[in-house]
Amino acid sequence: MPIIPASCALGLEIALTVCLCSVAPQTTGAATPPRDACSLFTAPQISKVLGVTVTDGRHPIPSTVLLCGWAPAGGPQLDGKKLSVNLMTERAFEVGKTPVHGIAKTPLSGVGDDAYYMTDSGRGTGLSVKSGGIYVQIDFDSRPLNL
């Protein structure tokens with residue numbers, strides 16, 4: 001199994017902790033999953049995770065609220081820090097576990113109900129987590145996130 005860069009792993013683990021702490025626990029039929037990915041984090045929370053001040057989350061694709069990204073003022077910079085969150089369906093979460101050549105997938109125990117890292121040299125590192133009825137993918141990398 002590949003080693004996940006410490007900076008990515010730490011950032012993802014902190015982001016996950018923030019995410020799980022900010023989302024109310026789910027019980028069968030009691031609550032609905034969040035509908036807007038930007039509602040999961042605040043700019044101060046992401047700033048703390050990344051170690052740089054970021055602006056409020058923005059939807060890179062204006063027609064969908066399932067994806068949100070945070071970056072420093074002035075937008076993402078080459079080799080700059082940024083974080084994105086994608087609300088997933090259960091099916092997308094499960095399909096994400098399917099082996100794909102060139103993408104390392106590492107199960108992670110003790111986080112949510114189920115979790116795995118994905119590492120792709122061209123895309124960076126992502127963490128997908130199932131917690132109750134919520135499925136979230138958190139991506140952290142140093143490539144520009146077109147906001």
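Given the structure is predicted, the values throughout are model-derived calculations rather than measurements.
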Quick one: CG on Leu127 to CE on Met118, what's the gap to the nearest 0.5 Å? 9.0 Å

Euclidean distance, Ser128 OG relative to Asp139 CG, rounded to 0.5 Å: 7.5 Å

Any donor-acceptor pair under 3.5 Å from Thr125 side chain to Thr119 backbone: no

Is there a side-chain contact between Leu87 and Val136, using heavy atoms and a 4.5 Å cut-off? yes

Identify whether Ile134 and Val95 are in the same connected component of the hydrophobic contact network (ILVMFWY, side-chain heavy atoms under 4.5 Å). no

Test: Lys97 and Glu94 ion pair at under 4.0 Å: yes

Output for pair (Tyr116 OH, Lys130 NZ), nearest 0.5 Å, gives 11.5 Å

Using modelled atom types and a 3.5 Å cut-off, is there a donor and acceptor pairing between side-chain atoms of His59 and backbone atoms of Leu67? yes

If I take atom CG from residue Asp56 and atom CD1 from residue Ile46, how far apart are they, to the nearest 0.5 angstrom? 11.0 Å

Contact between Val129 and Leu108 at the side-chain level, heavy atoms closer than 4.5 Å - yes or no? no

Between Tyr135 and Val65, is there shared hydrophobic-cluster membership here, with clusters defined by ILVMFWY side-chain heavy atoms closer than 4.5 Å? no

Heavy-atom donor-acceptor pair, Ser39 side chain to Asp36 backbone, under 3.5 Å: yes

Smallest separation among heavy atoms of Leu66 and Ala37, with atom names: O-CB, 3.4 Å

Rounded to the nearest 0.5 Å, what separates atom CG in Leu40 from atom CD1 in Ile138? 8.5 Å

What's the spacing between Phe93 CZ and Asp114 CG if we round to 0.5 Å? 4.0 Å

Considering all heavy atoms, the nearest Cys38-Gly57 contact: SG-C, 3.7 Å

If we only count heavy atoms from C-beta on, is the Val49 to Phe41 side-chain gap below 4.5 Å? no

